[in-house]
Amino acid sequence: MRWRHGWVFHPGAAMDDTNALMGQRKAKLDSLRARGIDPFRNRFTPTEGCGEARARYAEGREVALAGRITAHRDMGKSMFLDLKDQSGRIQIYAQKNVLGDESFEVFRHLDLGDFMGVRGTMFMTRMGEISVKVQSFVILAKALRPPPEKWHGLADTETRYRQRYLDLMANDEVKRTFLLRSAVLREVRQFLHARGFVEVETPMMQAIPGGAAAQPFVTHHNALGCDVYLRIALELYLKRLLVGGLDRVFELGRNFRNEGISRRHNPEFTMLEAYQAYGDYETMMELVESMVCHVAQAVLGTLHIEHKDAQGNVTRTIRLDRPWRRVPYKTLVRDKAGPDWFEVAPAERRRRAVALGAEIAAEYADFEVTQAVFEKLIEPTLIDPVFVTHAPKELIPLAKTSADDPSTVDVFECCINGQEIAPAYSEQNDPLEQRERLEHQAGGEPQKIDEDFLVALEHGMPPAGGMGLGIDRLCMMLLGQDSIRDVILFPQLKPKPSSGA
RNA sequence: GCCUCGGUAGCUCAAUUGGCAGAGCAGUUGACUCUUAAUCAAUUGGUUGUGGGUUCGAGUCCCUCCCGGGGUACCA
């Protein structure tokens, strides 16, 4: 069967009711309907969440609870179920002599994974488990597929990423991670709002993708009859807003880069960029430091973050205690590669870099050799936060030159957990110098120059500090995840149309 | 892109040198009205990712392709 847009529709993908387990569940669904019960047509208003009910236990208290059935223990004429919603889990207890023969028979149509609502009274079992004695119940939704295994959870990484709902259902720690990610975003916003920053939304579809040097995704607008690009950075539009008089702006949103996928890279990722008029990169240092500490304290309640391996052993501890170290780029390089690193001949630098274990491609320029030493040998060792300042001018064409060392620019790269987390600049606001650098970057292709942005600068942009912060990497650091895929709900995977997903 | 490891029942995992593809959970049937990884008895369930090859015989060895993990390259 051919679908409209040219991709092939695989009937086996979603409709493999050849599976015996599904067949049994469908038979139960039919049996319910034959009894006049449609398990997809009920509204139910719980008095509280399952976990909340447990926390507010009172013998004999009447409650109405709804959730998914996650376990059952069948005693014949009575049955225990575990009911789970976002707030937690509670045990419910159904008895044949309370519900009656007919109703108890309906109750037995329930399977693991089904949604139900119960009304009843709370009691404590002999084993001390807070439970609800069911007076009445209603089936809220039947699950036609069985849930993952109850004890080991869902382990297959591919299924976990492709069918994240199963991962969330089966693995509580995964759900916790994503709830915490949501809290991180909330606290970032709250912090910036408290400092008078205005949240804005700028175009994701751009005629000229600027603000970074990454490969963009291309798409096409039919009515306009032109190609547009998915944005690779937020920068150029936020600076237009500085020109317009929004002195403190930020945007928290998705960037798209058409590049390799790895443990640290997803093609779409969440970026925070914030600009503060009349500030500079040192203003942004204070901002980043305060913000990350605020988020850690608010979300985790601590500034000491432990990362653990699969066995639960602590593999590293990140200490966010202030003040954070501030070190010039060249100092770090000299400490690693020798105090005379910047004095020796380029060929000698190349030789030493290889001796230190950095892979140096033949076409690397001299500054790229140094950068390779930094990226491969120094950055991975920066676990506690460090502001790496005064980067070489060649690396960052869009920042202001340092007054005290004209070969460097007024920027920092904040490294935590062995990764770049947040770069910040004293933003370039000289329209002539900016034009020169953009033209250089465009390499003789004038269609790559965002002329409207340059016009905006010519109207005058206030001096400003600007920063970007990779939210996904921040979450990896704060939540102890080694892979970006474990902090993104639906990470990019290659389509697999023939799978069961 | 390259290197490397992996893909076995719905889920979690076994399978010795190439020799009958197995267990737990879930499911089904039965017993049990305070269990909680409930228990006990019986039982269903497989195109071993795909396609090919070697062999009397392939989950296992060889080749192809697909998907995934890790590394590497690319990458503000």
Side-chain angles (χ1 to χ4, degrees), chain A residues 16-25 27-28 69-82 89-99 104 111-113 123-131 133 143-163 166-167 169-171 210-216 232-233 235 255 257-267 269 271 273 359 361 371-372 375-376 391 394-399 409 411 413 420 422-425 441 468 470 482-483 485-486 491 493-501:
Chain A
D16 54 324
D17 55 353
T18 54
N19 184 311
L21 297 175
M22 281 190 74
Q24 287 162 353
R25 284 168 181 253
K28 287 181 186 174
I69 299 168
T70 58
H72 79 150
R73 293 172 287 281
D74 186 351
M75 307 287 297
K77 295 187 182 64
S78 73
M79 200 184 300
F80 291 94
L81 298 185
D82 285 348
R89 180 200 74 90
I90 195 166
Q91 175 170 269
I92 66 169
Y93 182 48
Q95 296 158 287
K96 191 170 186 176
N97 63 349
V98 172
L99 292 176
F104 195 69
D111 286 307
L112 294 185
F123 75 108
M124 181 95 69
T125 67
R126 271 179 219 153
M127 303 301 288
E129 171 94 17
I130 292 168
S131 307
K133 198 167 289 186
L144 293 182
R145 293 176 185 266
E149 213 250 11
K150 65 180 177 185
W151 185 245
H152 299 94
L154 181 66
D156 183 78
T157 45
E158 187 173 350
T159 309
R160 287 185 47 229
Y161 296 151
R162 286 192 194 277
Q163 295 175 272
L166 294 178
D167 194 23
M169 199 186 295
N171 300 322
Q215 285 297 312
I232 55 174
E235 180 161 350
N255 279 353
R257 295 186 183 176
N258 204 343
E259 286 159 2
I261 296 176
S262 79
R263 204 161 57 78
R264 298 176 202 78
H265 300 83
N266 197 61
F269 61 100
M271 189 76 169
E273 287 193 26
E359 285 182 36
Q371 176 64 2
E375 281 186 348
K376 303 298 172 191
E394 302 92 326
L395 281 177
I396 300 159
L398 304 180
V409 280
V411 302
E413 181 67 68
E420 307 172 356
Y425 311 157
Q441 199 179 36
D482 289 335
S483 170
R485 297 185 190 93
D486 292 320
L493 296 183
K494 198 158 180 173
K496 195 182 179 187
S498 60
S499 81

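Only a predicted model underlies this, so the values are computations on that prediction, with no experimental measurement involved. The chains referred to below are lettered A, B, ... by the order of the sequence lines, with proteins before strands, and numbering in each begins at 1.
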A.B. asks: Can you tell me how far C1' in B/A31 sits from the matching atom in B/C56, rounded to whole Å?
C.D. replies: 49 Å

A.B. asks: What contact category does A/F104 fall into here, base, sugar-phosphate, or nothing, at under 4.0 angstrom with non-hydrogen atoms?
C.D. replies: nothing

A.B. asks: Which value, in whole Å, describes the distance between the C1' atoms of nucleotides B/G6 and B/A14?
C.D. replies: 16 Å

A.B. asks: Just compare B/A76, B/U35, B/C34 and give me whichever is closest to any side-chain atom of A/S131.
C.D. replies: B/U35

A.B. asks: Looking across every strand, which nucleic acid part, if any, lies under 4.0 Å from A/E394 by heavy atom: base, sugar-phosphate, or nothing?
C.D. replies: nothing

A.B. asks: Between B/A41 and B/G24, how many Å separate the two P atoms, rounded to a whole number?
C.D. replies: 11 Å

A.B. asks: Just compare B/U33, B/G68, B/G10 and give me whichever is closest to any side-chain atom of A/Y93.
C.D. replies: B/U33

A.B. asks: Under 4.0 Å, counting only non-hydrogen atoms across every strand here, what does A/L395 touch: a base, just sugar-phosphate, or nothing?
C.D. replies: nothing

A.B. asks: Expressed in whole Å, how much space separates the C1' atoms belonging to B/U72 and B/G22?
C.D. replies: 39 Å

A.B. asks: Side chain of A/Q441 only, please: which of B/C67, B/A38, B/A76 is the nearest?
C.D. replies: B/A76

A.B. asks: Is it the case that the base of B/U35 and the side chain of A/E129 share a donor-acceptor contact (distance under 3.5 Å, atom types as modelled)?
C.D. replies: no

A.B. asks: For B/A14, give the paired nucleotide (Watson-Crick: N1-N3 plus N6-O4 or O6-N4; G-U: N1-O2 and O6-N3; both under 3.5 Å), or none.
C.D. replies: none

A.B. asks: Between the base of B/C11 and the side chain of A/H152, is there a donor and acceptor pair under 3.5 angstrom?
C.D. replies: no

A.B. asks: By nearest atom, which of the nucleotides B/U12, B/U35, B/A76 is closest to the A/R257 side chain?
C.D. replies: B/A76

A.B. asks: I'd like to know if the side chain of A/Y161 pairs up with that of A/D486 as donor and acceptor (distance under 3.5 Å, no hydrogens or angles considered).
C.D. replies: yes

A.B. asks: Using a 4.0 Å heavy-atom cut-off, does A/G211 contact any base of the nucleic acid, only the sugar-phosphate backbone, or nothing at all?
C.D. replies: base

A.B. asks: Ignoring backbone atoms, establish whether A/R73 has a side-chain N or O less than 4.0 Å from OP1 or OP2 of B/A38.
C.D. replies: yes

A.B. asks: Roughly how many Å apart are B/G51 and B/U36, using the C1' atom of each and rounding to a whole number?
C.D. replies: 48 Å

A.B. asks: Given B/U28, B/C25, B/C74, which nucleotide is nearest the side-chain atoms of A/K28?
C.D. replies: B/U28

A.B. asks: Going by the angle between their ring planes, with limits at 30° and 60°, are A/Y93 and A/F123 parallel, tilted or perpendicular?
C.D. replies: tilted

A.B. asks: Where the side chain of A/N97 is defined as all heavy atoms beyond and including C-beta, which of B/U36, B/C11, B/U33 is the nearest nucleotide?
C.D. replies: B/U33

A.B. asks: So if I take every side-chain heavy atom of A/S78 and compare against B/A37, B/U33, B/U72, which nucleotide ends up nearest?
C.D. replies: B/U33

A.B. asks: The side chain of A/M75 lies closest to which of these nucleotides: B/C11, B/U36, B/U33?
C.D. replies: B/U33

A.B. asks: Is the shortest distance from a Lys or Arg side-chain nitrogen in A/E129 or A/R73 to a carboxylate oxygen in the other one below 4.0 Å?
C.D. replies: no

A.B. asks: State whether A/K494 places a side-chain N or O below 4.0 Å from either non-bridging phosphate oxygen (OP1 or OP2) of B/C67.
C.D. replies: yes

A.B. asks: Could you check whether any side-chain heavy atom of A/P146 comes within less than 4.5 Å of a side-chain heavy atom of A/R25, counting everything from C-beta outward?
C.D. replies: yes

A.B. asks: Should A/K376 be listed as having a side-chain N or O under 4.0 Å from OP1 or OP2 of B/A73?
C.D. replies: yes

A.B. asks: With C1' as the reference atom in both, quote the distance from B/C62 to B/G1 in angstrom, rounded to an integer.
C.D. replies: 25 Å

A.B. asks: Please name the nucleotide paired to B/G6 by Watson-Crick or G-U wobble geometry with both distances under 3.5 Å, or report none.
C.D. replies: B/C67

A.B. asks: Between atom CZ in A/F80 and atom P in B/U35, what is the gap in whole Å?
C.D. replies: 7 Å

A.B. asks: Any idea which of B/G69, B/U35, B/C11 is nearest the A/M127 side chain?
C.D. replies: B/U35

A.B. asks: Taking atom P of B/A76 as reference, at what distance in whole Å does atom CD1 of A/I232 sit?
C.D. replies: 9 Å

A.B. asks: Measuring from the side chain of A/Q91 (C-beta onward, heavy atoms only), which nucleotide among B/U36, B/C34, B/C11 has the closest atom?
C.D. replies: B/U36

A.B. asks: Please work out if A/I396 contacts a base, only the sugar-phosphate, or nothing of the nucleic acid, heavy-atom cut-off 4.0 Å.
C.D. replies: nothing

A.B. asks: Taking the P atom in each of B/G7 and B/U54, what is the distance between them to the nearest angstrom?
C.D. replies: 25 Å

A.B. asks: When the C1' atoms of B/C65 and B/G53 are considered, how many whole Å apart are they?
C.D. replies: 15 Å

A.B. asks: Could you let me know what B/A58 is paired to, Watson-Crick or G-U wobble, both distances under 3.5 Å, or none if it's on its own?
C.D. replies: none

A.B. asks: Determine the contact category for A/R263: base if any of its heavy atoms lies under 4.0 Å from a base atom, sugar-phosphate if only primed atoms, P, OP1 or OP2 are that close, otherwise nothing.
C.D. replies: sugar-phosphate

A.B. asks: Which base, if any, makes a Watson-Crick or G-U wobble pair with B/G1, both distances under 3.5 Å?
C.D. replies: B/U72

A.B. asks: Does A/R485 reach a base, just sugar-phosphate, or nothing at all? Heavy atoms under 4.0 Å.
C.D. replies: sugar-phosphate

A.B. asks: For A/A155, which contact category applies under a 4.0 Å heavy-atom criterion: base, sugar-phosphate, or nothing?
C.D. replies: sugar-phosphate

A.B. asks: Would you indicate what A/E359 reaches in the nucleic acid, counting non-hydrogen atoms under 4.0 angstrom: base, sugar-phosphate, or nothing?
C.D. replies: sugar-phosphate

A.B. asks: Between A/D482 and A/R263, is there a side-chain heavy-atom distance shorter than 4.5 Å?
C.D. replies: yes

A.B. asks: From A/R485 CZ over to A/N266 CG, what is the distance, rounded to the nearest 0.5 angstrom?
C.D. replies: 7.5 Å

